[in-house]
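Presented below is the structure to which this report refers.
Naming: A, B, ... by sequence-line order, numbering from 1 per chain.
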There are 2 protein chains.
Amino acid sequence: MTATIALDDLVAALPDGAVITHPDIIAGYRQDRALDPDAGMPSAVVRARSTDDVVAAVRWCATNSVAIVPRGAGTGLSGGSSGVDGCIVISTEAMRDIHVDPVMRTATVQPGLLNAEVKAAVAEHGLWYPPDPSSFEICSIGGNAATNAGGLCCVKYGVTTDYVLGMEVVLADGRAVRLGGPRLKDSAGLSLVKLFVGSEGTLGVITELTLRLLPPQPAASTVVGSFSSVHDATEAVLAITNTIRPAMLEFMDSVAINAVEDHLRMGLDRGAGALLVAQSDSPGEAAAAEIAVIVDAFEANNASEVFSTDDPEEGEAFTVARRMAIPAVEKLGSLLLEDVGVPLPKLPHLVDGIAAIADARDVMISVIAHAGDGNTHPLIVFDPDDADQSARAHVAFGEVMDLAIGLGGTITGEHGVGRLKKPWLPNQVGEDVMDISRKVKAALDPHGLLNPGAVF
Amino acid sequence: MTATIALDDLVAALPDGAVITHPDIIAGYRQDRALDPDAGMPSAVVRARSTDDVVAAVRWCATNSVAIVPRGAGTGLSGGSSGVDGCIVISTEAMRDIHVDPVMRTATVQPGLLNAEVKAAVAEHGLWYPPDPSSFEICSIGGNAATNAGGLCCVKYGVTTDYVLGMEVVLADGRAVRLGGPRLKDSAGLSLVKLFVGSEGTLGVITELTLRLLPPQPAASTVVGSFSSVHDATEAVLAITNTIRPAMLEFMDSVAINAVEDHLRMGLDRGAGALLVAQSDSPGEAAAAEIAVIVDAFEANNASEVFSTDDPEEGEAFTVARRMAIPAVEKLGSLLLEDVGVPLPKLPHLVDGIAAIADARDVMISVIAHAGDGNTHPLIVFDPDDADQSARAHVAFGEVMDLAIGLGGTITGEHGVGRLKKPWLPNQVGEDVMDISRKVKAALDPHGLLNPGAVF
């Protein structure tokens, strides 16, 4: 009964319609794109329209010791926005303002705007926001900051944290605070902005971001190469990254090539063992020199077909193909989606090791990768109705992370730990780092209300 | 007596000669380059040669509740390495190993190596470590990480935090932990590496850094312009940064121009009100286009002389002139060295406001600046034997920070808060941010042993 009365207080503290309690709607907020089967059922969803709404919701949760699950667009791939039984989901999807300052070259953005919408809004001012997760058309900028999301151009242009100058965040006690701001350099006090980026909603709810923008990316030239073996392709990656900084360097294996070709019918080489798509966006002769390095690296590593173009639209078609890989492979079965990364020299070992795990567990693992920064997405495909295969897939999921850790790598390059990778985090970072992390978490959220299912 | 016995334990725990107790030598470790008159006298200096030495020293301090002041090369400009009475200074100046991995494009560096030595060591492998504080020939890489140091190329290439992938750090309880590592993307857990960068020795003692490296910087073209007024020069800065990303965009006022010319006699325009030095390092035709933008911006803002060169050595002479500015102005009297930054559009207001403060307080303030990122170094020159002038200089020192805060800026863009700027930090960031910062500090250093005089 107490809980019901208290929920009335929540409804009273927020604008009409902001608190959603209809079970069918709540059910849609229980999981993110990771579809964690263990996600709990929220007791309500708050669709915040302002920082004040978030403050009111967090205060109510703090007063009533109710768990808070922050949520952007719900496209997370590690289950970082999975429900906890009885929690309040605070959705920022309706917080969609943006203000671009072209002189300062910053955008002040509410968290619910999609990455693609941020890119479009700043492009109207002749500016560019680089980070480009493959899901950029459906993922929110707040979620990008919460997970320190990456993307395809990150190999040259860095990840989300490199573009977050400041934020407003609502703490576990309901205080809204501003961290950092529109200053290109700032050494005043602890780097709290950087601490909150990538903290997956465990330290606060992001209600505004100040983003650094760049002049528009120059038109890119693209090289596509087909390789008979994945090993040749990863050796070609190292030959390129040893010499230049490509603007993009993406990898797809044979399963991904064929799954994409099934959809797009763009003439990809179905017989290839791997495909690399590389770009240079350096200006003028410099692009030509970089393209030559890429072509040489492809040919020196036995590429069977090498196609290069300076037509941006033609190049974009291959980028689209790479972005399509996850949804295309998803048609083959249920997916366990990895995000493991390794120090670049270990990339061939990682790819070889994944193939060995797939063999040993008799499951299909398709590998796509932001190869140029060592960040791979092994996609473990399984039939959820085949209990034995599901079990083997889950074993392989853990083994791929163990493999990455053993190679000095990370269990997540850009998706975050969320729920699904939580058991492996201590193996990667060690107990001392877990201890420090828990102390920081406890200092800022002493009652453990913020996203209690995730990371820790 | 207890203290003396305990110091014997410290000596016993460390290699021969590592613990320095001679008063004359200790006195040299009392202050850094900020020469804080309120610095206390250490009871000993530990010249660590290894992580184990740092661990032993920190453990002894933790056991005996003795304050720890971490120290790199002692070139800090905010007093972040000022002694505390009875403290142990842990100097990392003798920890000087470096290992470069050219395939991974990283350097693993001990903290005592100088910035210039890091640059030189990685250049042998055809690689580049960008951050370049003006003091790069005398400042240590550990101190750079502790203050999140900037420099001249940061306007295009970012600051120290953008290049730190991982570190080993000794915590307040003496545990050595590894944060991050040689991975270009890593979203696993809280971003502790980024939290420790810029924490000015208040959270731990950095004993190793893993740095991201770039291919060599392309040869730069340089444009130098003389302006009759500082205001014209700052407007030219905005006209440039609105359009392109220069590789360098530095500002010197008339006092700095004349002080440098006194030393270098390179033919700078002694009658100019301000000088801008800008560079483009884009390849080929792109450099020519950027140089044209810079020349146009200079001429449109009434530059009286514009000189441009694509000879790197000729360009480097002007960079050296700009780097000489602080030591050259230092010859005119004692300095209070500011490091205030503002959002770029406010740069002209900041420079105008500083002139007004100099007038009102009847003190000389020479302004030099990393103008392209809004980070200025107003140098307040005073005669320490003139008590009244000293007092006015110190009032002006505070007023310049108040001015920057009022313009939405920062009290420190790249030097850190240290001792000297501590009273202004709450005014910039607010009490809530101070509260969070203190909680993080208390979580990691509950007894307040690490650099207790600084930041907080």
List the atom of [X], the atom of [Y], and the distance in Å for their closest heavy-atom pair.
X       : Y       : answer
K185(A) : D373(B) : CD-OD2, 2.9 Å
Q428(A) : D186(B) : NE2-OD2, 3.4 Å
V103(B) : P345(A) : CG1-CG, 3.6 Å
G189(A) : V417(B) : N-CG2, 3.6 Å

What distance separates T410(A) OG1 from L184(B) CG, expressed to the nearest 0.5 Å?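 Output value for this atom pair is 12.0 Å.
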
Quick check for you: to the nearest 0.5 Å, what is the distance between K156(B) atom NZ and L214(A) atom CG?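 It comes to 10.5 Å.
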
Main-chain N/O of [Y] paired to [X] side chain as donor or acceptor, under 3.5 Å:
X       : Y       : answer
S437(A) : L190(B) : no
R183(A) : N375(B) : no
S191(A) : S199(B) : no
S187(A) : T147(B) : yes

Chain A: which of [options] shares the most heavy-atom pairs with it under 4.5 Å?
options                            : answer
V193(B), V177(B), D101(B), T106(B) : V177(B)
A149(B), G374(B), P182(B)          : P182(B)
G409(B), G180(B), G341(B), G158(B) : G409(B)
G408(B), A286(B), G198(B)          : G408(B)
C154(B), A442(B), P343(B), P283(B) : P343(B)

Which residue out of [options] racks up the most heavy-atom pairs below 4.5 Å with chain B?
options                            : result
R175(A), K346(A), K439(A)          : R175(A)
E285(A), M434(A), R245(A)          : R245(A)
N148(A), N242(A), V159(A)          : N242(A)
V155(A), D162(A), T241(A), L165(A) : T241(A)

Could you check R178(B) against D432(A) for salt bridge (Lys or Arg N to Asp or Glu O under 4.0 Å), going step by step and ending with a plain yes or no? CA-CA 9 Å; R178(B) 289 197 169 273; D432(A) 281 333; over 6 Å; no

Select one option (side chain, backbone, both, neither) describing which atoms of [X] are under 4.5 Å from chain B's heavy atoms.
X       : result
D435(A) : side chain
S78(A)  : neither
R438(A) : neither
V455(A) : side chain
I436(A) : both
I244(A) : backbone

Which region of L171(B), side chain (C-beta onward) or backbone (N, CA, C, O), has a non-hydrogen atom less than 4.5 Å from a non-hydrogen atom of chain A, or is it both or neither?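 When you check distances to chain A, only side chain atoms of L171(B) fall under 4.5 Å.
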
Quick check: are there more than 12 heavy atoms from other residues, nucleotides or ligands sitting under 6.0 Å from NE2 of H447(A)?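 Open.
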
Are K194(B) and L195(A) close enough that some pair of their side-chain heavy atoms sits under 4.5 Å apart?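 K194(B) does not reach L195(A) side chain to side chain.
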
